[in-house]
Amino acid sequence: MYVRGVGPKVAEMLTAKGILTAEDLLYHLPFRYEDRQNPRSLDEIKAGEMASIIAEVRGSALLRTRRAPIFELTVGQGRFALKCLWFNGTYLNGKFHAGQTIAVYGKVEPSRSSSNLKMIQPQFELLPDDSDDAETRLLEVGRITPVYESLGGSRLASRWQRKTIFNLLESVRGAVPECLPREMLARLELAERESALREVHFPREGTTAVQLQSCATAAHRRLIFEELFFLELGLELKRRRMKERAGIAFATTDNVREAIREVLPFHPTNAQKRALGEIVGDMRQPSPMRRLLQGDVGSGKTIVALQAMIIAMENGYQAALMAPTEILATQHFLAARKLLERSSRKPRIVLLTGSLDEDRKRHTRRQINSGEAQLIIGTHALIEEKVEFARLGLVVVDEQHRFGVLQRFRLMKKPNQAEPDVLVMTATPIPRTLALTLYGDLDVSILDELPPGRTPIVTRRVRDDESGKVWEFVRKQVKQGRQAYVVYPVIEGTSDDQPELDFSQDDAEVGKGLGSQAADGNAETAKRTRQGKKAGLLFPKESIEANAAAKSGLKSAVEMHQKLRAGPLEGLRVGLLHGRLSADEKEVIMRRFQRGEIDVLVATTVIEVGVDVPNATVMVVEHAERFGLAQLHQLRGRVGRGTAKSYCILMTGPRISPLGEERLNAMVTTQDGFALAELDLSIRGPGEFFGTRQAGLPDFRVANLVRDRQLLELAKAEAARFANARITDGALPSAVTEAERARVWARLKEAWQRRYGLVEAG
Ligand code: ADP
Ligand code: MG
């Protein structure tokens, strides 16, 4: 379609930004709005109020001060003037000429030196010279003005977008197809698509800037719902398609129940009972199970999985458990063997990992292939070593293997056999809304209760300058026969073991963005500012400087391993573990720690992954303010696994960003992983929470999973309702027409092909 203002050159620039169609452009929403409805005149404004002012540029200067260069712009109306100041404003130098018309928006401040008022870091935009022309009046002033992230340099900045989108909306007036059924719009009181699109760009009179800024207008709601509805509808269909495939209907007879009772060493928690009930419900169905078992470290997932595996075995099938590392696989193998010793069935359990010698591997493969092995525990080797299962019924797999692996498990069954059930386990608590989306093609069970009899872990914050006491405490614990971890954010020097760990960096980035927020047309700035807004992190400059200072004095694992051994922990057996060691070296160190041959393990976050050393009672984290909440929580989960009282000591430098404070306080206050995950999500925003898009989280155009939880739940329910109506045609709400249905499906296909590369669960 031809869009006014978009020639081949511009089209190319837009394509680079992922804008391929006119529709894409319409869904490129303003990231903020400027209230220029009532521009004020300079003679009436007072210090302390927020004001929007349209004035003439009079002059500018770059003032070199000792702290930072300040860019000063003087604007005026008649004999009144206003000074606008930007710290670190060098980038603004040369951008203004006397006589230009400018709109500024910000807080009016008193000025010490003269009777003039001033604004500090106001938002601003230069207006076209002939401010009197009709289009300008329509789009730029006297209204709530949309501000866009630039789509390419200063050329495709806000003003270009305003004009182009305005013209586009005019040219398609009355012709934007509605993609949701009327009946749904009416029932949910949602705006129509075209008017919603029009109003998010050019809000109708009476809309408040506050509503717009928080995306709470009816127009925003409609577009958010639309986006979430098509996501959820796609996920719903995926789940349904899975249910149409041929799986195994396991029986749960008295025999099976007895087999479980024989080995179960304790009363399951209510959460365990509920989760197992859900799993058993799936397993009895003739369709393949695809379920996620979510539960904090120590919540007892393993035992639940083991019960499911017993059900499979009692039904004459094999069960496989795949762990992310050899050490964990071995741990599971030993635990399962111990537990199943009590079984009168004496199932055959085998371990298959990459490091076994060839003969052993061959032998094990043969046992698996003949069906002699009933419970198979292993690593990736289960896939890599071309294992053929005789009769695979259930696969339990660690979350880390999820992507890509589940597909391949299908190849491991014999061609004429039914599909095995799959249970994915994760120890990373994920807030429900995110789980619904990230694992949207799986059903979810949650263990939100710890088994009884745990002593809570004592968590304390300690400042660096009191480290002497910490090492003293560690020595005392070791003397009592206990072991300790000491964790650092970097391996050596200032090179990061895991760059994403460096949150104080993020804080600084956000701060920077804020400082130059007004530079409309600067895509980078706009983006940073927006990300900052999304995550709700607005920081004073002090914290940024504090972080910069903190960064230079970063302690590293390698360096501290030396220092501790030679100093405060002299005489103890101190080991070192980090990501630059080979897998074999890591295994060796971890084994020695497990056997108690190392007292104190100095490490980076590589120890995060579920290693069980019940005798370790102390977790010391240095530079704790630099770790994310999820990470701190996982680290703390390494202790408190035995009966002895355990401690988590969070050491920090003297200066901590407000965000760091919030994280540390949360750690001290609660041990509930789900509560911490919720908090983490609300602090960091969903993108940051998972780090990247590869994690499977779609990149939304309008929706935000933190802000829009309720709409997500609604969209999910509506998606199920709509899909139901499709399957049983008779139940189709009479108001939904054939044509509307067709449009929903067409739109769904488009949305999924273009936008959500969600990973198939196989
Ligand atoms: P997860 O795999 O979720 O981290 P585990 O399954 O390893 O947790 O369980 C942690 C510890 O709690 C194990 O030692 C396990 O034997 C024990 N445990 C699990 N369920 C119960 C229960 N219902 N009552 C008592 N102890 C339990
Ligand atoms: Mg089944």
Side-chain angles (χ1 to χ4, degrees), residues 5 13-14 17 19 24-39 50-55 73 75 84 86 91-92 95-96 100-107 119 121-128 131 135-169 197-205 207-217 219-220 223 510 512-534 536 538 701-702 704:
M13 291 166 81
L14 293 178
K17 291 278 178 179
I19 305 226
D24 290 343
L25 195 55
L26 290 181
Y27 278 87
H28 181 71
L29 303 197
F31 77 93
R32 66 180 173 87
Y33 297 86
E34 226 167 276
D35 189 349
R36 297 185 195 153
Q37 286 179 111
N38 302 300
M50 298 295 292
S52 167
I53 285 160
I54 292 168
L73 180 75
V75 303
C84 301
W86 286 271
Y91 66 99
L92 292 171
K95 273 202 169 173
F96 302 94
Q100 286 174 316
T101 307
I102 189 171
V104 294
Y105 177 75
K107 187 173 176 201
M119 279 187 184
Q121 327 265 96
Q123 296 170 355
F124 74 92
E125 189 173 21
L126 282 169
L127 301 181
S131 301
E135 200 172 65
T136 302
R137 271 207 311 273
L138 191 65
L139 301 181
E140 311 278 342
V141 292
R143 65 170 311 124
I144 290 187
T145 310
V147 181
Y148 300 89
E149 191 179 312
S150 171
L151 290 173
S154 54
R155 175 158 178 205
L156 304 188
S158 272
R159 181 147 349 107
W160 179 87
Q161 291 183 59
R162 254 171 242 149
K163 220 181 247 183
T164 310
I165 293 172
F166 184 82
N167 289 335
L168 179 56
L169 281 165
L197 283 170
R198 193 176 302 281
E199 283 171 25
V200 289
H201 292 286
F202 301 101
R204 73 166 80 184
E205 248 175 86
T207 316
T208 69
V210 174
Q211 279 175 319
L212 287 164
Q213 214 60 65
S214 52
C215 297
T217 66
H220 278 102
L223 297 178
V510 169
K512 265 189 250 157
L514 192 72
S516 51
Q517 185 175 28
D520 182 21
N522 176 338
E524 263 310 292
T525 307
K527 206 163 159 194
R528 270 196 228 130
T529 311
R530 191 175 65 158
Q531 281 163 351
K533 278 214 177 92
K534 258 193 195 158
L538 300 178
R701 298 205 275 204
V702 199
N704 170 319

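Positions are given from 1 along the sequence.
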*Would you indicate whether the side-chain heavy atoms of Val147 and Arg162 approach each other to under 4.5 Å?*
yes
_Leu212 versus His220, closest heavy-atom pair with distance_ = O-CE1, 3.8 Å
*Where Met119 and Tyr105 come nearest, the two heavy atoms and their spacing*: SD-C, 4.2 Å
*Please report the closest heavy-atom contact between Cys84 and Val104, naming both atoms and the distance.*
SG-CG1, 4.2 Å
*Taking all non-hydrogen atoms of both residues, which atom of Pro146 and which atom of Phe202 are closest, and how far apart?*
CG-CE2, 4.2 Å
*asked:* I'd like to check the salt bridge (charged side-chain N to carboxylate O under 4.0 Å, His left out) partners of Arg204; sequence neighbours left out, ordered by chain and number.
replied: Glu199
_Tell me every residue that passes side-chain contact (heavy atoms from CB on, under 4.5 Å) with Ser214, counting only those two or more places apart in sequence or in another chain._
Ala216
*Which is it for Tyr27 and Val200 under the side chain to side chain contact (heavy atoms under 4.5 Å, CB included) test, yes or no, and what are the steps along the way?*
CA-CA 9 Å; Tyr27 278 87; Val200 289; over 6 Å; no
*Which atom of Pro30 lies closest to which atom of His201, heavy atoms considered*: CD-ND1, 3.9 Å
*Could you tell me the separation between the CD atom of Gln161 and the OG atom of Ser150, rounded to the nearest 0.5 Å?*
6.5 Å
*Quick one: pull up SG in Cys215 and CZ in Phe31 and give me the separation to the nearest 0.5 Å.*
12.0 Å
*Is the shortest heavy-atom distance from the side chain of Ile102 to the side chain of Phe96 under 4.5 Å?*
yes
*Separation between CD1 of Ile165 and CZ of Arg198, rounded to the nearest 0.5 Å*: 12.5 Å
*Should Leu25 and Leu151 count as side-chain neighbours, where that means a heavy-atom distance under 4.5 Å?*
yes
_For Tyr148 versus His28, what's the shortest heavy-atom pair and its separation?_
CE2-O, 3.5 Å
*Given side chains that start at C-beta, do those of Phe124 and Val75 come closer than 4.5 Å, heavy atoms only?*
no
*Which value, rounded to the nearest 0.5 Å, describes the distance between Leu26 atom CG and Ile19 atom CD1?*
9.5 Å
*asked:* Would the distance check show the side chain of Gln123 and the main-chain N or O of Gly106 forming a donor-acceptor pair, the cut-off being under 3.5 Å?
replied: no
